[in-house]
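Worksheet for the structure shown next.
All values below come from the heavy atoms of this structure, side chains included, with hydrogens, waters and symmetry mates left out. Note that the structure is predicted; figures quoted are calculated from it, not measured. Below, chains carry the letters A, B, ... as their sequence lines are ordered, and counting in each starts from 1.
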Protein chains: 2
Amino acid sequence: MKDVATAAGVALKTVSRVVNGEPGVHPATAERVRAAIDRLGYRRNESARVLRRGRTATIGLVIEDVADPFYAGLSRAVEDVAIAHDCLLLSGSSGEEPGRERELVETFCARRVDGIVVVPAGADHGYLRPELDAGTKVVFADRPPGAGLDADTVLADNAGGAGRAVRHLLGQGHERVAFVGDAPAIYTAAERHRGYRDALGDRYDPRLIAMRPPAEEAMRADLERMFALDRPPTALFTGNGRCTVTALRALAGRKVALVGFDDFELADLLRPGVTVVAQDPAWMGRVAAELLFRRLLGDEGPPEHIRLPVRLIPRGSGELPP
Amino acid sequence: MKDVATAAGVALKTVSRVVNGEPGVHPATAERVRAAIDRLGYRRNESARVLRRGRTATIGLVIEDVADPFYAGLSRAVEDVAIAHDCLLLSGSSGEEPGRERELVETFCARRVDGIVVVPAGADHGYLRPELDAGTKVVFADRPPGAGLDADTVLADNAGGAGRAVRHLLGQGHERVAFVGDAPAIYTAAERHRGYRDALGDRYDPRLIAMRPPAEEAMRADLERMFALDRPPTALFTGNGRCTVTALRALAGRKVALVGFDDFELADLLRPGVTVVAQDPAWMGRVAAELLFRRLLGDEGPPEHIRLPVRLIPRGSGELPP
DNA sequence: CTGAAAGCGCTAACAC
DNA sequence: GTGTTAGCGCTTTCAG
């Protein structure tokens with residue numbers, strides 16, 4: 001910048017004015033400065049700018065795994081909102097490890113991101129206290145923060161959607177509906193299990209429950225066990241997209257009704273088409289990011305808790321009779 | 001930092017030493033400093049650190065769209081490599097717009113990322129010259145840079161894979177193999193078309209070609225047109241994952257053999273299973289990122305051009321007879 | 001309209 | 001072992 005100033009025969013500050021489009025520079029001077037900038041290939045150093053101004057114009061995003069279509073869709077939406085606000089996006093995958101989540105959040109904070117959207121992997125967010133006090137805005141998406149922290153949160157209607165799925169199956173005459181979900185430590189899995197149980201009432205049977213990280217072999221074993229029962233399940237409710245896909249493989253053509261939580265590409269092309277309770281990852285991402293920017297722009301209202309509705313899409317698999 | 005120094009009764013530099021784990025600090029002093037840090041909730045300001053050191057420990061990634069499973073897989077791999085090198089990842093989606101690609105790259109450069117992995121959307125990368133001269137390392141992935149720029153590049157064997165797919169179909173006795181690919185301006189689409197044409201030799205018939213951004217209605221029309229020909233196609237080669245999926249929908253159960261470029265989840269669960277030429281997005285991401293870090297660590301060798309092999313996975317759809 | 005000077009928070013290069 | 005000093009490149013403040 002100093003070089004540009006020298007080259008253009010002006011003071012440092014004038015170059016700064018031109019670079020930032022500040023008013024109060026004679027057009028001719030500005031032109032001269034711009035010429036010098038082009039000639040020298042000058043680029044403003046954002047780090048120095050950030051250091052001086054205090055705002056980084058960067059937000060952070062912590063998700064579980066970008067390679068998961070749900071989080072990929074959410075990411076893209078957050079990115080779009082960030083761009084609309086002239087912000088860059090730093091992102092990282094926690095891989096469902098609380099330690100990694102914390103590490104990412106802290107690294108983002110150290111880089112002074114203006115705010116963060118986080119899909120929590122851990123259950124304890126006490127480590128966020130100092131950041132929140134320091135003014136970093138945080139919005140939780142998909143899962144709420146651990147106990148003791150009341151912060152902005154955007155969730156899907158997990159329990160409600162699960163109930164809807166189960167009632168749909170009961171409506172077709174099924175009496176034995178199994179639940180195959182992710183590990184119970186995961187908030188969404190637990191909520192969907194809760195919705196399932198409540199909808200089932202006294203038809204609830206713990207032997208029809210399998211909750212663990214979806215892996216084909218383990219799930220096949222779980223299903224074998226259930227189908228070997230006196231009164232085997234005639235329908236399956238799967239707790240998330242990965243569970244649905246794993247279950248479809250593990251079932252290997254066995255004829256059972258199935259409703260899955262989460263929509264997925266090609267669900268309509270399978271035979272039968274897969275009935276799902278769909279949430280909209282892009283919507284969730286957009287809502288969370290917009291809420292974050294409202295906070296960044298000075299909205300100091302009490303923490304918001306937004307719950308996004310889900311919808312049932314019948315495609316055939318959930319309409320099979322017992 | 002100054003406050004911490006005062007609180008701990010030491011000089012600024014000592015705090016700096018403790019924070020950076022530099023040797024030559026008495027354990028007791030270090031402990032006193034750490035206590036002060038905790039008490040005051042001090043966090044090192046990365047911006048200042050970056051300004052001073054010149055390295056940001058950040059790399060940039062420009063892809064077409066995170067929400068596309070191929071790029072999501074690639075992203076995750078780049079992220080993992082970045083983390084292994086204690087680097088953060090800034091990422092952005094170009095949406096296949098050259099202007100947006102350039103904007104992202106320039107923004108990343110202004111933030112002084114150490115290096116960039118870019119999946120080019122545009123064909124002119126002259127704008128990168130100054131950045132390259134300034135020492136920013138750039139690796140191109142999935143597509144090469146525009147003419148006139150020789151840089152590190154990691155590509156899949158597009159033409160070879162397309163040839164493999166076509167020969168597979170010819171081997172089943174098909175004589176009329178159509179190609180449904182993305183817009184010809186996209187490098188990978190053009191390369192796959194080239195491989196297709198070369199493998200077909202004089203069986204090549206331009207009426208069996210449809211190249212445009214995949215959209216169900218347009219593709220349905222294209223296919224109708226082809227099937228209305230005197231000698232309609234008995235087999236289809238689709239040019240990328242999205243084209244494959246769109247084609248499957250547009251075909252609506254019509255019985256044709258099909259081989260697609262790109263593997264996709266559930267390809268094995270459709271009936272018949274979808275035969276594909278699979279590339280490995282994570283592998284590509286890893287190779288590109290590792291190459292970038294080799295450059296950042298000082299490797300000054302001539303530009304490398306890496307071509308990753310692809311593999312044919314027969315699942316049924318490509319083995320249907322004419 | 002333009003410029004000089006101070007300082008953002010940190011680290012590198014030297015003292016002591 | 002520890003401290004001092006001089007910037008990194010920019011914006012802010014205030015003075016022409």
Donor-acceptor contacts, no H, no angles, side chain residues 54-62 of chain A, under 3.5 Å, sequence neighbours left out:
residue: A:R55; atom: NH2; partner: A:D114; partner atom: OD2; Å: 3.2
residue: A:T56; atom: OG1; partner: A:T58; partner atom: N; Å: 3.4
residue: A:T56; atom: OG1; partner: A:R112; partner atom: O; Å: 2.7
residue: A:T56; atom: OG1; partner: A:D114; partner atom: OD1; Å: 3.3
residue: A:T58; atom: OG1; partner: A:T56; partner atom: O; Å: 3.1
residue: A:T58; atom: OG1; partner: B:R111; partner atom: NH1; Å: 2.5

- Could you give the NZ-to-P distance, from B:K13 to C:dC16, as a whole number of Å? 17 Å
- Message: Here's a test of your reading of the structure: between B:V10 and B:L51, which maps to the more 5' nucleotide of DNA chain D?
- Response: B:V10
- Counting only side-chain N and O atoms of A:R52, is one of them less than 4.0 Å from OP1 or OP2 of C:dG7? no
- Item | Leading and trailing nucleotides of DNA chain D with any atom under 4.0 Å from heavy atoms of chain B | D:dG1 to D:dG9
- Item | Residue pairs fulfilling salt bridge (Lys or Arg N to Asp or Glu O under 4.0 Å) with at least one residue in residues 82-91 of chain A, sequence neighbours excluded | none
- Helix axis bend for the helix from C:dC1-D:dG16 to C:dC16-D:dG1 - C1'-based end axes, five pairs, 10° rounding: 30°
- Tell me, please, which residues at least two apart from A:R49 pass side chain to side chain contact (heavy atoms under 4.5 Å, CB included). A:N20, A:R44, A:E46, A:R53
- Any donor-acceptor pair under 3.5 Å joining the side chain of A:R17 to the base of C:dG3? yes
- A:R17: partners by side-chain hydrogen bond (donor to acceptor under 3.5 Å, both in side chains), with sequence neighbours left out: none
Determine all donor-acceptor pairs shorter than 3.5 Å in which one atom belongs to a side chain in residues 24-42 of chain A; sequence neighbours excluded.
residue: A:R32; atom: NH1; partner: A:A8; partner atom: O; Å: 2.6

- Please name all residues satisfying ring pair (Phe, Tyr, Trp, His ring centres under 6.0 Å) with B:H85, sequence neighbours left out, ordered by chain then number. B:F293
- Message: Under 4.0 Å, heavy atoms only, any strand: does A:R44 hit a base, just the sugar-phosphate, or nothing?
- Response: sugar-phosphate
- Query: Is A:R100 salt-bridged to B:E79, cutoff N-O under 4.0 Å?
  - Reply: no
- Query: If only side-chain N and O atoms of A:T14 are considered, is one of them under 4.0 Å from the OP1 or OP2 phosphate oxygen of C:dT2?
  - Reply: no
- Item | ring pair (Phe, Tyr, Trp, His ring centres under 6.0 Å) partners for A:F140, two or more places apart | A:H125
- Message: So, using side-chain hydrogen bond (donor to acceptor under 3.5 Å, both in side chains) as the criterion, who are the partners of A:D80 when residues are at least two apart?
- Response: A:R76
- Gap between atoms CG and C1', on A:N45 and C:dC10 respectively (whole Å): 14 Å
- Message: Working note: A:H305 + A:D150, criterion side-chain contact (heavy atoms from CB on, under 4.5 Å); need CA distance, chi angles, decisive distance, verdict.
- Response: CA-CA 9 Å; A:H305 303 107; A:D150 186 25; 2.8 Å; yes
- Task: Identify, with sequence neighbours excluded, every residue that meets side chain to side chain contact (heavy atoms under 4.5 Å, CB included) alongside B:A190.
- Result: none
- Message: In whole Å, I'd like the distance from the CG atom of A:L12 to the C1' atom of C:dG3.
- Response: 10 Å
- Note on the structure: So, with a heavy-atom separation below 4.0 Å from DNA chain C, the residues of residues 19-43 of chain B are B:N20, B:Y42, B:R43
- Task: Round to the nearest Å and state the distance from A:R112 atom CZ to C:dG9 atom C1'.
- Result: 9 Å
